[in-house]
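All residue numbers refer to positions in the sequence shown, counting from 1.
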Amino acid sequence: MVTVMVAPNTALRAVRTGMRMSQDDFARALQAAGHRVGEPNDANKRLVQRWESGAIAAPRPVYARALEVVTGLPISLLGFDAVPGGHVADDEHGGHDLTSPVSSLATPTPTSKPTTAHQSYEGVWLSRYQYYSSGRGDSFAGQHFVVLLQHGDRLTARSLPGSASSSLSLDLTVDGAVVTGTWVEQTDPTGYYRGARYHGAIQLIAEPTGRRMAGKWIGFGKDMDVNTGPWELVFRDASTSKATLDRYNTSAT
């Protein structure tokens, strides 16, 4: 009898614990995400355990879509094998086109709804914002490379860990050329802000080219005062493949 050893999915576990979620919390978030996108699922703690142990090497498509919504990351970065049900076709130009059950969520198909400034914003973007530090009496800039996914009119962005010492997440909604939402930044535990967690609101205007969004953030400071400052997202690459994200997983400064 041959015993087959399976490798645990350490990538998924790292993402979940980085979100400060228990396996129960993560399962509930997956269920909620399924309801939001109109695809209910039966995620539970046992299923999350089986994913993280490696007992299930690839999630079913309905769970793959929910995983992308909850984590804000493409399924290729969550430690799974290829999602079943994908189809590769010759594009008759020397390349190949891959269609996947996930692609209808990751890159939405245009509908008859009024067109927005840009149909898809998915890809790698450079995030830049400026803020004033009252404790240091000067202005500073924060920069991250973020991977942005689009689910209908909802955008989620998560910073690549190697692009900055802090981690950044954005949850946004697109309405025409107006992009509105919230931001959360977990600062560097060894830096000036000692691992403090800041959050607030953000509103951006997308340029007609779809290659830049610019606007302002609002948030609280360490003295519980309300601050504002400029914020922009600049498009870098449409791909969210592992190879592309590895290339941008470097300092954004």
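Looking only at distances, no side-chain donor or acceptor of D188 sits under 3.5 Å from a matching main-chain atom of Y193. Side-chain atoms of Y63 come within 3.5 Å of backbone atoms of D42 as a donor-acceptor pair (strictly under, hydrogens ignored). Between the side chain of S159 and the backbone N or O of L168, at least one donor-acceptor pair lies under 3.5 Å. Of the possible donor and acceptor atoms, none in the side chain of S166 sits under 3.5 Å from a partner among the backbone N and O of T187. Between the side chain of T244 and the backbone N or O of T240, no donor-acceptor pair lies under 3.5 Å. Listed for the N9 side chain is no donor-acceptor partner under 3.5 Å among the backbone atoms of A57. The backbone N or O of L47 lies less than 3.5 Å from a partner atom in the side chain of N44, making a donor-acceptor pair. Side-chain atoms of Q31 come within 3.5 Å of backbone atoms of A43 as a donor-acceptor pair (strictly under, hydrogens ignored).
In this structure, the side chains of V179 and L155 come closer than 4.5 Å at one or more pairs of heavy atoms. The side-chain heavy atoms of Y121 and L149, taken from C-beta on, include no pair separated by under 4.5 Å. Contact of the F80 side chain with the P59 side chain is registered, since non-hydrogen atoms from C-beta on lie closer than 4.5 Å. Using a 4.5 Å heavy-atom threshold, the side chains of L170 and W231 count as touching. For the pair I202/L172, a side-chain contact is recorded, criterion being any heavy-atom separation below 4.5 Å from C-beta on. Residues H151 and R36 have side chains not in contact (no heavy-atom distance under 4.5 Å, counting atoms from C-beta outward). Residues N227 and Y132 are not in side-chain contact: their nearest non-hydrogen atoms beyond the backbone lie 4.5 Å or more apart. Looking at T156 and V69, their side chains never come closer than 4.5 Å, going by heavy atoms from C-beta outward.
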With side chain to side chain contact (heavy atoms under 4.5 Å, CB included) as the criterion, how do T71 and F26 come out once you've worked through the C-alpha distance, each side chain's angles and the decisive distance to 0.1 Å? CA-CA 10 Å; T71 65; F26 197 62; 4.0 Å; yes
Carefully, step by step, assess F145 and W125 under the rule side chain to side chain contact (heavy atoms under 4.5 Å, CB included). CA-CA 6 Å; F145 285 122; W125 293 67; over 6 Å; no
Steps toward side chain to side chain contact (heavy atoms under 4.5 Å, CB included) verdict (D175, D153): CA-CA 7 Å; D175 183 6; D153 62 355; over 6 Å; no
Take L73 and E68, measure what side chain to side chain contact (heavy atoms under 4.5 Å, CB included) needs, and give me the verdict at the end. CA-CA 5 Å; L73 294 171; E68 285 199 337; over 6 Å; no
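Contact between G152 and Q150 at its shortest, heavy atoms only, is O-NE2, 3.1 Å. Taking each heavy atom of A238 and F235 in turn, the nearest pair found is N-CZ, 3.2 Å. Nearest approach of V146 to S127, heavy atoms of both residues: CG1-CB, 4.1 Å. For the pair A33 and V70, the tightest heavy-atom approach, listed with the atom from each and the gap, is CB-CG2, 3.7 Å.
Between R197 and E185 no salt bridge is recorded (no basic side-chain N to carboxylate O distance below 4.0 Å). Checked for salt-bridge contact, D237 and R247 meet the test: a charged N lies under 4.0 Å from a carboxylate O. Using a cut-off of 4.0 Å between Lys/Arg side-chain N and Asp/Glu carboxylate O, R158 and D171 are scored as salt-bridged. R16 has no carboxylate O lying under 4.0 Å from a charged side-chain N of D25, or vice versa, which leaves the two without a salt bridge.
Looking at K216, R128, Q130 one by one, the single match for side chain to side chain donor-acceptor pair (under 3.5 Å) with E232 turns out to be R128.
Cluster annotation: W183 is not connected to V178 through the hydrophobic network of ILVMFWY side chains, with a link wherever side-chain heavy atoms come within less than 4.5 Å.
No side-chain donor from either of Q186 and S167 sits under 3.5 Å from a side-chain acceptor of the other.
Both the sub-6.0 Å distance and the 45° axial angle are satisfied by R136 relative to the ring of Y192.
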